[in-house]
Structures are given as structure tokens and as C-alpha cells.
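Everything on this sheet refers to the single structure shown next.
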There are 2 protein chains.
Amino acid sequence: MRRISDNDLLNHYIVKHHIENIFDKDILKHAQLHFYEKEEYILEAGSNLEYYYLLVDGKIKVSYPFENGKSMLLKFYREFNSIGDLELLKNILILCDIDAIEDTYLIAISSEILRKEYLDNVKFLHHLIDSLSEKLYATINNGSYNFVYPLINRLSSYLVEHITDKNYIVLHSSYIEIAQFLGTTYRHLNRTLKELESKSIINWENKRIYIVDEDRLRELAKNLYMKSL
Amino acid sequence: MRRISDNDLLNHYIVKHHIENIFDKDILKHAQLHFYEKEEYILEAGSNLEYYYLLVDGKIKVSYPFENGKSMLLKFYREFNSIGDLELLKNILILCDIDAIEDTYLIAISSEILRKEYLDNVKFLHHLIDSLSEKLYATINNGSYNFVYPLINRLSSYLVEHITDKNYIVLHSSYIEIAQFLGTTYRHLNRTLKELESKSIINWENKRIYIVDEDRLRELAKNLYMKSL
DNA sequence: TCCTTAGCATGACATATGTCATGTGCAAAT
DNA sequence: ATTTGCACATGACATATGTCATGCTAAGGA
């Protein structure tokens, strides 16, 4: 993480995403701009929420870890979205793991300051309601996908979300981590990648995955994890 | 459904659940008291939200239906809880099916009136935030259970939730409906009931299920669906 | 150089769950 | 009385996924 001290850029994002509709100017005095590079982790479940974040540029992935060490992909977020609503409001430890999957800019505001001074600010309350209801809606929808669709669909969706302008994807996590992220085992992930390969949808060479048939991949993906954004 | 015109009872519930902390008196003038008997359906996914409800007495179950006709048990609610937040706020069709599983009293307030006149009421906004964040928290937790635990656990939980003071449970839905509700097939539900029977945890006779070993049943249940209340 | 270990690959098998076909009994319709 | 249909029961088989054991290879110590 790098803290970016470029006020012009900060203001650019504030204007671009109409953040003055959310926070009054005196709150925005506390706003910082944080930068995370691709593949950097942003938040870890179980730790304390130091900042309430607004995702203003880039892309992140959110997953929920279980007791047994497994986890479940919840969704991918692009700008504009907020991070930490629930933890801020209920004053609980962070629920989800969050990683940047592209270079990402976040506006960060101290959660302590927000809790102490701005939890009755009507603008902010309206924003929280919007954000919470959006997330609840998405979560109800999404939880169902993990339940209903087999791994080949979730994996396809995962790959689609990582497509760049190149014709291949470079995976930066270990396969074990990716499996956990998708809520399955390494063994089954491996099997399913092989299956995609045998169907000539991808070609697979170490950590580099060539997209052979993007159309069929997208068809399998059914836009699962981004659908409700 | 019966509309109950007993103002004393209505006021009793208003006092009991501190509803004046949620709604100002002028909103409460619109409050009605609705009664649903055990096994009666309350809301159907896809229909319009006529009232915003506060569950003040009884017990209901909430399930989310998929495109393919299957559905997933989301959770059981007891008093005190609100129903329809999301649909009220986002002005969408009802997302979940809701059934009473005990005799249930709801305070009902016209969603049209709330939308038109009270969506800026600060008390109400605070209540919505509480309710939404509680539900989001519960849903994130819960979705995981369906994903992680096999049917025998979810079924046990379902049975535990239906325990009365008798030593047996009478099922009032068809097995097909129960299977859909638990997100599985009739075939597998049948198999799993047989499994519970073979382990001498239940005894099974038509629609009547005798609880032979409640302790082991509760152990299997892990309090899944009520846990996060 | 040799040993150790992490990350990866893969076969064999077990379990959870779905699909399908078929059978049975009862109640409503003809 | 016969037919029809629905809820329920059950075997056989298929698929999705997990568990375990085993082997391979490359990188980093000792």
C-alpha cells in the first residue's frame, strides 16, 4: 500500500464519483488516498477496520473465510463501491478478505472518526442504506450461485474476471489459494482446469492460462460474480 | 390472514418491542395488526410489497427461490424482526417466500405511505440501517452453511426448528416442498430421513416424525439457521 | 553435493447429491 | 367400477466433489 499525497487526484475522484453527496466537506478533510497494486492484499478477515473505504478506481475481490479454513468467493467489486459498512456500523472485526486484482485506488477515512462524529450525518446514513441494501441484494443472489452451480461455472467466471487485453491470464496466487478462494479443493480445481483444457476452452501452461475460446468460457461463466453490480 | 382490530393488543406489541423508537406516532396511526396462522403463507416472491412488516409475535421461515424452480432456505425469524426492508427501499418485487410456521402476529404499515412520506424520517432510517446490517451479516454467515454443510445437517436444523412441546413433529408441507425449501430433491431428502432413522435419531411414520434422540439431532443441527439471530 | 520442503500433478477411492424409471396406494373424476 | 393423477417410496446409476497416498521438481539451506 502507498499513501498518495496528490490532492488533485483525490479531488478528481471526489468529483468523478460525486462523493460530496455522501460526505460533507468537513468529513472529506480526513480523506486519504490509498494505492494498492495488483495482487496486493487490502484487508484480512479478523483484523480491525482502521479505515472506511470508497473504491474509486481499480478492481478487488472479496471472499468470506469459514471456521474450517475454507472460504467462499463473495464477489468482485469495481468502482464505485464502499468497503467496511458492516464492520463500521456493528463495530466488529473485519468479516471478509479483500485483495486488489488490478491496481486500485481507495479513498480512506478513519473509521474511528466516522464512528465518533458522523454516524448521525444524514447524507452518510443515506449512503449506508444504499450500500447495505445493494450488498444484501447482491449477497442473497450470489450465495445462491455458489450453491447452485458447480465449480466449472464458478471457475469460468473467475477466469473471465481476470481477462486482460492479452490473450492469456497470469495467475499470481498458488493453486491452493485459488481453490480456497473458490470454495473447493486443490484437487478439484486441478481436475476442472483439465476439463476446460480438454474441451479446448483454455490452454494451460504453468501459471499462464491461454484463453482459446472466450465465448464458450463466458457462456460457462454466466457472469456470476459481477451480475448483480 | 386475519386483520386484528384489537387496539389494545396492537399497543401491547408497540410497547413490548419499543416500536416508538422506530416509528413516530403519526406513522403508527397507519399501523395494522395482521394475524397468520401456523403454516399459512405470508409473502410470495415476485409479488408486490403492499406492507412493510414488523414481526412482533410468532415464527416465520424465509426462503429464496431460484430461476430453475429450486429454492434455498435463508433463515427462520422470530420476533423481533422486520420484513420487506430491501423491497421497500429498492422498490423491487418481493425477493423471498415467507411462511408462518407458528401462529404469527405482524404489524403492517402500507409500503406506499412509507415510501412517500417517511423515507427521510431519521428514526426510521436508523432502524433500516440496523435491520439491513443485521440481515447482511446473517446472510453472509448463512449462505456459507448451505454451501459447507451437507443435507443431513440442514435437515436436522430444520427439524429442530419445528420441535414443539410434543415428542413428535407433524409436517404440513409435502415432501417435495420441503425438499425445495431445503434446496435439494425429494429423492435425497427421503434418503437422508431414512439415514436419520437408521441412526435411531428419529422415527418416521407418514408425516409424523418422532424425535428419538433430540441431543444428537441438535448436535447435527449445529443451530445453523438461528445462529445469527 | 545432498537433503529438505513447498508447490504442483495425478490415480484410486469415498461421499454427497442428482436423475431417471418404476411401483404403490389413495382419492377425485368419469 | 374404472380411470386418472398425485404424493410418496425406492433401486440403479451418473455426476460433483472431497480425501488420501504418492510422486515429481525446483529452490534454498546444511
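Side chains included, hydrogens not; waters and symmetry mates left out as well; all remaining heavy atoms used.
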Practice problem: Examine distances only and state if a side-chain atom of A:Ser111 and a backbone atom of A:Glu50 form a donor-acceptor pair shorter than 3.5 Å. | Solution: yes

For a quick test of reading the model: is some side-chain N or O of [X] closer than 4.0 Å to OP1 or OP2 of [N]?
| X | N | value |
| --- | --- | --- |
| A:Thr184 | D:dG18 | yes |
| B:Ser174 | D:dA7 | no |
| A:Thr185 | D:dT17 | no |
| A:Lys194 | C:dA9 | no |
| B:Tyr186 | D:dA7 | no |

Here the gap from B:Lys61 atom NZ to B:Ile42 atom CD1, rounded to the nearest 0.5 Å, amounts to 11.0 Å

| Can a cation-pi geometry be assigned to B:Lys59 and B:Phe76, taking NZ or CZ under 6.0 Å from the six-membered ring centre and within 45° of the ring axis? | yes

Rounded interatomic separation in angstrom, taking [atom1] from [X] and [atom2] from [N]:
| X | N | atom1 | atom2 | result |
| --- | --- | --- | --- | --- |
| B:Leu182 | C:dG18 | CG | P | 11 Å |
| A:Asn190 | D:dT17 | CG | P | 14 Å |
| B:Gln180 | D:dA7 | CD | P | 11 Å |
| A:Ile176 | D:dG18 | CD1 | P | 14 Å |
| A:Asn206 | D:dA26 | CG | C1' | 12 Å |
| A:Leu151 | C:dA16 | CG | C1' | 16 Å |
| B:His172 | D:dA7 | NE2 | P | 17 Å |
| A:Leu189 | D:dT19 | CG | C1' | 16 Å |

**Item:** Centroid-centroid distance, A:Phe147 to B:Phe147, less than 6.0 Å
**Value:** no

May I ask you to check whether A:Tyr41 and A:Tyr36 place their ring centers less than 6.0 Å from one another?
-> no

B:His188 has its side chain closest, among C:dC20, D:dC8, C:dA16, to C:dA16

Closest to the 5' end of DNA chain C, once A:Lys207 and A:Arg191 are matched to their nearest nucleotides, is A:Lys207

On DNA chain D, more 5' by nearest nucleotide between A:Pro150 and B:Trp204 is B:Trp204

